[in-house]
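Following: one structure in structure tokens, then a few remarks.
Note that this is a predicted model, so its numbers are computed, not measured.
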Amino acid sequence: MAVEEIFGKAFTELTFSMTELKLDKLKEYTLFEKVEYSFIVRTRGGFVALIFADFSKGLGETLAYSIRKQKVLSEQEQIMYVEEYLNIICGRALSEINNLIGKRSRLSMVSLSDGMEATDQLPWEIKQSFQCKEGRINIIIRYEVSEWVL
């Protein structure tokens with residue numbers, strides 16, 4: 001199974017499992033006008049990656065509400081729930097990739113992205129867009145598989 005398929009499956013299946021929101025993978029990566037939140041996750045080890053996730057307006061609040069099962073009180077709390085959501089999804093995908101390549105990798109903490117990380121270059125890039133009636137998530141994964149693991 002390819003990296004794109006592993007992450008696609010993690011986003012669609014785990015989103016539904018955690019929130020009952022049905023995310024559909026779009027055939028093409030498409031930008032959207034209003035990005036509410038941008039996050040970044042880094043991996044290190046056998047699978048080195050930068051994972052960028054942009055959420056359209058309103059989807060972050062919907063995800064947080066769906067995970068918590070009640071209204072989220074503040075924007076900071078909403079961000080915390082979306083960070084945990086991404087941590088679970090990226091962790092599941094990374095675990096599957098680790099098993100596939102037979103090497104260990106670790107996730108960094110999920111954090112808000114300031115856009116400056118976009119200058120980091122890795123040889124492979126995947127772009128995916130996912131949509132549900134509540135909004136859209138765009139994912140960019142830049143990665144390489146290391147031969148040496150420290």
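Atoms CG and NZ, from Leu26 and Lys127 in turn, are 14.5 Å apart once rounded to the nearest 0.5 Å. From Thr15, atom OG1 reaches atom CG of Leu21 across 7.5 Å, with rounding to the nearest 0.5 Å. Rounding to the nearest 0.5 Å gives a distance of 12.5 Å between CZ of Arg42 and CG of Leu107. Taking NZ of Lys69 as the start and OG1 of Thr19 as the end, the distance is 7.0 Å to the nearest 0.5 Å. Atom CD of Glu125 sits about 8.5 Å away from atom OH of Tyr29, to the nearest 0.5 Å. Rounding to the nearest 0.5 Å places CD of Glu36 at 5.0 Å from NZ of Lys57.
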Q: Output, in order, the C-alpha distance, side-chain angles, deciding distance and verdict of side-chain contact (heavy atoms from CB on, under 4.5 Å) for Ile139 and Phe7.
A: CA-CA 9 Å; Ile139 307 298; Phe7 273 93; 5.6 Å; no
Q: For side-chain contact (heavy atoms from CB on, under 4.5 Å), just list the numbers for Glu134 and Leu63, CA-CA rounded to whole Å, side-chain angles, deciding distance to a tenth of an Å, and then say yes or no.
A: CA-CA 9 Å; Glu134 291 80 4; Leu63 283 170; over 6 Å; no
Q: Decide yes or no on side-chain contact (heavy atoms from CB on, under 4.5 Å) for Val3 and Phe47, but give the supporting numbers first.
A: CA-CA 10 Å; Val3 172; Phe47 182 77; 3.9 Å; yes
Q: Kindly indicate, with the supporting measurements, whether the criterion side-chain contact (heavy atoms from CB on, under 4.5 Å) is fulfilled by Ser56 and Ile137.
A: CA-CA 6 Å; Ser56 67; Ile137 305 171; over 6 Å; no
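Counting heavy atoms from C-beta on, the side chains of Ile6 and Leu100 come closer than 4.5 Å. For the pair Leu112 and Ser38, the minimum side-chain heavy-atom distance is 4.5 Å or more. Within the 4.5 Å cutoff, the side chain of Cys132 has heavy atoms near those of the Leu59 side chain. Side-chain contact check for Val145 versus Trp124: every heavy-atom pair is 4.5 Å or farther apart.
Residues satisfying the salt bridge (Lys or Arg N to Asp or Glu O under 4.0 Å) criterion with Lys25, sequence neighbours excluded, are Glu4. Judged as a ring-ring contact (aromatic ring centres under 6.0 Å, His included), and not counting sequence neighbours, Tyr85 has no contacts. Under the salt bridge (Lys or Arg N to Asp or Glu O under 4.0 Å) criterion, Glu84 pairs with no residue, sequence neighbours left out.
When each of Tyr81, Phe130, Phe39 is tested with Phe55 by the rule ring-ring contact (aromatic ring centres under 6.0 Å, His included), just one qualifies, namely Phe39.
At least one donor-acceptor pair closer than 3.5 Å links the side chain of Arg136 to the backbone N or O of Leu31. At least one donor-acceptor pair closer than 3.5 Å links the side chain of Asn138 to the backbone N or O of Thr30. Judged purely by atom type and a 3.5 angstrom limit, Ser105 has no side-chain atom pairing as donor or acceptor with the backbone of Asn98. A donor-acceptor distance shorter than 3.5 angstrom exists from the side chain of Thr62 to the backbone of Gly58, with no hydrogens or angles considered.
Hydrophobic clustering, with ILVMFWY side chains joined whenever heavy atoms are under 4.5 angstrom apart, keeps Phe16 apart from Ile67.
Taking 4.0 Å as the cut-off between side-chain N and carboxylate O, Arg68 and Glu77 count as a salt-bridged pair.
In this model, no donor atom of one side chain and acceptor atom of the other lie less than 3.5 Å apart for Tyr37 and Glu83.
In plain terms, the two heavy atoms of Leu122 and Val48 that are nearest each other are CD1-O, 4.0 Å.
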